[in-house]
Amino acid sequence: MAALVRVFGDIDIAEEAVQDAFTAAVQRWPSSGRPPSPAGWIITTARNRAIDRLRREASREDRHAQAVLLHARGEPVEEGVVRDDRLRLIFTCCHPALAVSVQVALTLRLLGGLTTPEIARAFLVSEATMAQRLVRAKGKIRDAGIPYRVPNEADLPGRIRAVLAVVYLIFNEGYAASSGERLVREELCAEAIRLGRLLVQLMPDEPEVMGLLALMLLVQSRRATRTTSDGDLVLLADQDRAVWDRDLIAEGQAIVRRCLERNVPGPYQIQAAINAVHTDAADAAATDWWQILQLYNQLQSIAPSPIVALNRAVAVAEVEGADAALTLVDGLELDSYHLFHAVRADLLRRLGRNAEAARAYEAAIARAENAAERDFLQRRRQAVTES
């Protein structure tokens, strides 16, 4: 995609060309065998087919096709300092001419393995709104003639914020799938962690790069205990900590300590530190919630958002009580977010306000797209209804 967008200067044409090339590969490779360079074959085939189509359209006086065809002549394929194919494409598509949020959304759609509805849920907007943003982003790239080239080493720091967000959201979708039957999509978690390790190799002096890797490792360490053998969701407090992956915990905590020594805090480092505190506790009762609350206070000060505020309220509930936390939660505007209603329901349950808790659980269930989460919320609603 990165090579073809650079060649044609048009994402839609590049996407169609890639699809055509993969279709040709599916038809030909079973009988002819894989070519020596599959990626090169795909790029060459896609480029040739797109040029053929553009020539036909240009002959009908399609000015856009004529412009794209002119742009495409004689463009070599670059390698650049980033050697891994997927990571190179992500850096290429995170173009600084676009707003960071648009860079992230567009890259997730093109390269992250996420659908438009999944990206919309990650950004807490409607599918229609996200689809419009993606269309506008593609149009801006096309109309402004924004060049999509593999960045050189000097360009990497200017793009790293968006790249980290892309990798983080790929991991989030893998660790807590926004829809479908499975709670966890292991392939996305594994790919995000692989990319995180490559980023640390590429930019070892960037604390937030280290922080993101530590965060993913520490969260991933709990994966085996997040569901039962039947696929039912298990809350953090109820997980069997003896089954947590101690190697991932040791690696993640070591990275967190290195980040603390550098003393250049950032959002990913703070989130990693929060998860390090969780993994320090032998059981849920031993969790140092006061320290977690201080970390959330720091996170809210440098990267404020309604989601951070919601997570901070969970820590407030443990330190100051459910009543104080509910006051904070009720001040948030997160009506479309199912976990907002789930947290609110749990706080109401703890306060003995079961009828209100049941209604909050119903609101969470109505907004949950993942079957495992929905089943868990339904069991919780039934429990407060019967008590």
Who are the side-chain hydrogen bond (donor to acceptor under 3.5 Å, both in side chains) partners of [X], not counting sequence neighbours?
X: D240; answer: none
X: R241; answer: none
X: W244; answer: T225, Q239
X: Y168; answer: Q271

Between [Y] and [X], does any NZ, NE, NH1 or NH2 come within less than 4.0 Å of an OD or OE carboxylate oxygen?
X: E362; Y: R367; value: no
X: R380; Y: E373; value: no
X: R222; Y: D245; value: no
X: R349; Y: D346; value: yes

Residues forming a ring pair (Phe, Tyr, Trp, His ring centres under 6.0 Å) with H338, sequence neighbours excluded: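 Here no residue qualifies.
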
List the steps, then state whether side-chain contact (heavy atoms from CB on, under 4.5 Å) holds for R121 with E173. CA-CA 10 Å; R121 284 190 284 271; E173 181 61 28; 5.8 Å; no

So do [Y] and [X] actually touch side chain to side chain, heavy atoms under 4.5 Å?
X: R194; Y: L198; result: yes
X: D155; Y: N152; result: yes
X: L156; Y: L202; result: yes
X: L293; Y: E320; result: yes
X: R197; Y: L217; result: yes
X: R161; Y: Q103; result: no
X: T107; Y: L110; result: no
X: I160; Y: L199; result: yes

To the nearest 0.5 angstrom, please state how far the [atom1] atom of [X] sits from the [atom2] atom of [Y].
X: L106; Y: M130; atom1: CG; atom2: CE; value: 10.5 Å
X: E251; Y: Q220; atom1: CD; atom2: CD; value: 11.5 Å
X: L260; Y: I270; atom1: CG; atom2: CD1; value: 10.0 Å
X: N311; Y: I292; atom1: CG; atom2: CD1; value: 11.0 Å
X: R359; Y: R381; atom1: CZ; atom2: CZ; value: 13.0 Å
X: W289; Y: E318; atom1: CH2; atom2: CD; value: 5.0 Å

Which atom pair, heavy atoms only, marks the closest approach of [X] to [Y]?
X: C189; Y: G174; result: SG-C, 3.3 Å
X: R246; Y: T279; result: NH2-O, 4.0 Å
X: G231; Y: A372; result: O-CB, 3.8 Å
X: L213; Y: G196; result: CD1-C, 4.1 Å
X: E118; Y: S178; result: CG-OG, 3.6 Å
X: A342; Y: Y361; result: O-CE2, 4.4 Å

Hey, can you pull the donor-acceptor pairs under 3.5 Å for the side chains in residues 131-140, sequence neighbours left out?
| unit_1 | atom_1 | unit_2 | atom_2 | d |
| --- | --- | --- | --- | --- |
| K138 | NZ | D12 | OD1 | 3.3 |
| K138 | NZ | E15 | OE1 | 2.9 |
| K140 | NZ | A97 | O | 3.1 |

Given Q382, which partner from the list E386, R379, Q378 fulfils the side chain to side chain donor-acceptor pair (under 3.5 Å) test?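 Single side chain to side chain donor-acceptor pair (under 3.5 Å) partner of Q382 among E386, R379, Q378: E386.
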
[X]-[Y] co-clustered via ILVMFWY side chain contacts under 4.5 Å:
X: L218; Y: L169; answer: no
X: L188; Y: L87; answer: yes
X: V234; Y: V343; answer: no

For residues 322-331, dump all side-chain donor-acceptor pairs below 3.5 Å to protein atoms at least two apart in sequence or in another chain.
| unit_1 | atom_1 | unit_2 | atom_2 | d |
| --- | --- | --- | --- | --- |
| T327 | OG1 | D323 | O | 3.2 |
| D330 | OD1 | R344 | NE | 2.7 |

Report the C-alpha separation of V256 and Q269 in whole Å, then their side-chain angles, then the decisive distance to 0.1 Å, and conclude whether the side-chain contact (heavy atoms from CB on, under 4.5 Å) test is met. CA-CA 7 Å; V256 169; Q269 296 171 76; over 6 Å; no

Where do R159 and H95 land on the side-chain contact (heavy atoms from CB on, under 4.5 Å) test, with the steps shown first? CA-CA 7 Å; R159 301 192 181 201; H95 198 288; 4.0 Å; yes

Answer yes or no: is there a donor N or O on one side and an acceptor on the other, between the side chain of [X] and the main chain of [Y], under 3.5 Å?
X: Q253; Y: A250; value: no
X: T287; Y: A284; value: yes
X: E208; Y: Y268; value: yes
X: N370; Y: R182; value: yes
X: E127; Y: T116; value: no
X: R374; Y: I365; value: no
X: D232; Y: T228; value: no

Acceptor/donor pairs from residues 299-310 side chains to any protein atom, 3.5 angstrom cut, sequence neighbours excluded:
| unit_1 | atom_1 | unit_2 | atom_2 | d |
| --- | --- | --- | --- | --- |
| S301 | OG | Q298 | O | 2.6 |
| S305 | OG | I307 | N | 3.4 |
| S305 | OG | V308 | N | 3.1 |

Under the side-chain contact (heavy atoms from CB on, under 4.5 Å) test, residues paired with D288 that sit two or more places apart: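 For D288, the residues satisfying side-chain contact (heavy atoms from CB on, under 4.5 Å) (neighbours in sequence not counted) are V277, W290, Q291.
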
What pairs meet the ring-ring contact (aromatic ring centres under 6.0 Å, His included) rule with one or both residues in residues 188-219, with sequence neighbours excluded?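 Counting only pairs at least two positions apart or across chains, no ring-ring contact (aromatic ring centres under 6.0 Å, His included) contact touches residues 188-219.
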
Kindly state each residue pair satisfying ring-ring contact (aromatic ring centres under 6.0 Å, His included) with at least one member in residues 171-208, sequence neighbours excluded.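 Found F171-Y175.
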
Intermediate values then yes/no, side-chain contact (heavy atoms from CB on, under 4.5 Å), V163 and L195: CA-CA 10 Å; V163 171; L195 292 171; over 6 Å; no

Atom pairs and distances, donor-acceptor, side-chain atoms in residues 18-31, under 3.5 Å, two or more places apart:
| unit_1 | atom_1 | unit_2 | atom_2 | d |
| --- | --- | --- | --- | --- |
| D20 | OD2 | R53 | NH2 | 2.3 |
| T23 | OG1 | Q19 | O | 2.9 |
| S31 | OG | R28 | O | 3.0 |

How about CD on E333, more than 12 heavy atoms from neighbouring residues, nucleotides or ligands closer than 6.0 Å, or not?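 Count not over threshold, so no.
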
